[in-house]
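Note sheet for the following structure.
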Amino acid sequence: MILQKTSDLTYTPKRIISLVPSQTELLSALDLNDETVGITKFCIHPHQWFTTKTIIGGTKTLNVAKIHQLKPDLVIANREENVKAQVELLAKDYPVWLTHVSDLEDAKNMIADIGRLTGKTARATDLISQIVYAFKSLPVHKKRLKTAYLVWHKPYMAVGGDTFIHDMLEKCSFENIFAGKARYPEIQIAELRAAHCELLLLSTEPYPFKQEHINELQKKLPHTKIILVDGEMFSWYGSRLLRSAVYFNRLAV
């Protein structure tokens, strides 16, 4: 079943499968090494888990047979990162906690919920406090740079206003020029020019932008500052947020 509230799980899970990279990293931060038995091939942090835990496929290509072999007593999934049909299939046999994270407040609530579900409330509460403190250190700039954040190439795709990355841009005092669009809209270079884009951020994931892409775009956008940014810092919404705030403070724009 898909759990509706944390109290629906009446026991402390001992065999957890995580279907989401950023939430896998969170489970590690909550000291759930023994309890976590399965992760996806994209759950690359922590590295030791990636090399020792059972890999149960990709976030959107789950190996259901392998999941059955692990006999989980809790599956942690995400509404955006996982496929609805696959999540519903698993929910027929196992309790599933389905998260939905669109901003920092959601992320804090998600951490608290997983802490309650796994018997790690104190550790989760401490982590949330550290994240809140870290983000309070971010400066607020009166002059907000007109910014676009690209996640894909051919076609170019940016982040819209209803995404977690958009909220991170807001925390950095950047003005997302595609805030009025939903999800990850396909965009044209002409739109960047028309919006007078001052800062263009090229993410390292899901598409691995590199210096060659900066060179290519700089020719078309000579008046725009273009830099590569660590996509994990902008899009991972678990314990990585502690490092994200530090990264944002040091971002050279």
Side-chain angles (χ1 to χ4, degrees), residues 1-103 106-125 127-128 162-164 183-184 205-206 232 235-241:
M1 66 173 176
I2 294 180
L3 303 169
Q4 300 301 312
K5 53 186 184 296
T6 56
S7 59
D8 287 342
L9 195 69
T10 58
Y11 55 85
T12 302
K14 299 300 182 184
R15 298 187 62 79
I16 303 169
I17 287 178
S18 172
L19 308 183
V20 185
S22 57
Q23 292 174 178
T24 295
E25 188 176 45
L26 170 63
L27 294 177
S28 175
L30 295 178
D31 196 24
L32 290 161
N33 178 64
D34 293 339
E35 293 85 350
T36 305
V37 296
I39 62 177
T40 78
K41 65 181 180 181
F42 300 115
C43 297
I44 58 176
H45 301 298
H47 179 70
Q48 184 180 6
W49 280 25
F50 183 69
T51 57
T52 58
K53 301 292 183 184
T54 300
I55 304 297
I56 48 80
T59 52
K60 301 186 188 304
T61 54
L62 302 175
N63 186 327
V64 177
K66 191 169 284 188
I67 291 174
H68 288 326
Q69 291 173 5
L70 290 175
K71 297 181 172 60
D73 54 11
L74 176 64
V75 176
I76 300 176
N78 178 265
R79 193 171 298 171
E80 178 177 338
E81 296 194 46
N82 302 122
V83 177
K84 181 181 179 182
Q86 293 178 334
V87 171
E88 291 177 343
L89 180 64
L90 291 175
K92 292 180 180 180
D93 296 301
Y94 313 107
V96 174
W97 184 251
L98 186 61
T99 67
H100 179 63
V101 180
S102 58
D103 55 29
D106 286 346
K108 287 155 47 182
N109 291 335
M110 178 274 295
I111 293 169
D113 288 340
I114 290 181
R116 282 191 290 270
L117 282 167
T118 60
K120 298 291 184 177
T121 296
R123 292 184 71 92
T125 300
L127 177 59
I128 293 167
D162 57 350
T163 62
F164 182 77
R183 310 312 298 151
Y184 306 98
E205 66 165 47
E232 292 178 0
S235 63
W236 286 40
Y237 41 75
S239 49
R240 178 59 57 106
L241 287 167

Margin query: Determine whether a donor-acceptor pair (N or O, by modelled atom type, separation under 3.5 Å) exists between the side chain of Thr61 and the backbone of Gly57.
Written below: no

Check: Just wondering, do Ile67 and Leu90 contact through their side chains at under 4.5 Å, heavy atoms?
Finding: yes

Note to self: With a 3.5 Å distance limit and no angle check, can you tell me whether Tyr11 reaches the backbone of Asp73 through a side-chain donor-acceptor pair?
What the structure shows: yes

Margin query: Quick check: do Ile39 and Ile17 have side-chain heavy atoms less than 4.5 Å from each other?
Written below: no

Check: Are any non-hydrogen side-chain atoms of Ile44 and Trp49 less than 4.5 angstrom apart?
Finding: no

Note to self: Assess whether a salt bridge exists between Glu80 and Arg183, defined as any Lys/Arg side-chain N lying under 4.0 Å from an Asp/Glu carboxylate O.
What the structure shows: yes

Next item on the list: Rounded to the nearest 0.5 Å, what's the gap from NZ on Lys71 to CG on Asp93? Could you check?
Entry: 11.5 Å

Notebook entry, point to check: Which atom pair, heavy atoms only, marks the closest approach of Lys41 to Ile55?
Noted result: N-CG2, 3.6 Å

Check: Which heavy-atom pair separates Ile56 from Gly38 by the least distance, and what is that distance?
Finding: CG1-C, 4.4 Å

Notebook entry, point to check: Is the backbone of Glu81 close enough, under 3.5 Å, to the side chain of Lys60 for a donor and an acceptor to pair up by distance?
Noted result: yes

Item checked: Asp31 CG to Arg123 CZ distance, which is reported to the nearest 0.5 Å -> 4.5 Å

Next item on the list: Calculate, to the nearest 0.5 Å, the distance between atoms NZ and OG1 belonging to Lys120 and Thr125 respectively.
Entry: 13.0 Å

Margin query: Please determine whether a side-chain nitrogen of the Lys or Arg among Glu232 and Arg240 lies less than 4.0 Å from a carboxylate oxygen of the Asp or Glu.
Written below: yes

Margin query: Under the criterion side-chain contact (heavy atoms from CB on, under 4.5 Å), I'd like the reasoning laid out for Leu3 against Met1: C-alpha separation, chi angles, the key distance, then a yes or no.
Written below: CA-CA 6 Å; Leu3 303 169; Met1 66 173 176; 3.3 Å; yes

Notebook entry, point to check: Considering only heavy atoms from C-beta outward, does the side chain of Phe42 approach that of Pro21 to under 4.5 Å?
Noted result: yes

Note to self: Contact between Met110 and Leu26 at the side-chain level, heavy atoms closer than 4.5 Å - yes or no?
What the structure shows: yes

Check: Out of Glu205, Glu25, His45, which residue meets the side-chain hydrogen bond (donor to acceptor under 3.5 Å, both in side chains) rule with Trp236?
Finding: Glu205

Checklist line | Expected output: side-chain Lys53 to main-chain Thr40 donor-acceptor under 3.5 Å | finding: no

Check: What's the shortest heavy-atom distance between Ala77 and Leu19, and which atoms?
Finding: CB-CD1, 3.8 Å

Margin query: Parallel, tilted or perpendicular: which one describes the rings of Tyr94 and His68, with boundaries at 30° and 60°?
Written below: tilted

Notebook entry, point to check: Just wondering, do Thr54 and Val37 contact through their side chains at under 4.5 Å, heavy atoms?
Noted result: no

Check: If we ignore angles and hydrogens, is there a donor and acceptor under 3.5 Å between the side chains of Asn78 and Thr99?
Finding: yes

Note to self: I want to check something: taking the side chain as every heavy atom from C-beta on, are Trp97 and Val75 in contact at a cut-off of under 4.5 Å?
What the structure shows: no

Check: Would a distance-only check, ignoring hydrogens and angles, find a side-chain to backbone donor-acceptor pair under 3.5 Å from Ser28 to Thr24?
Finding: no

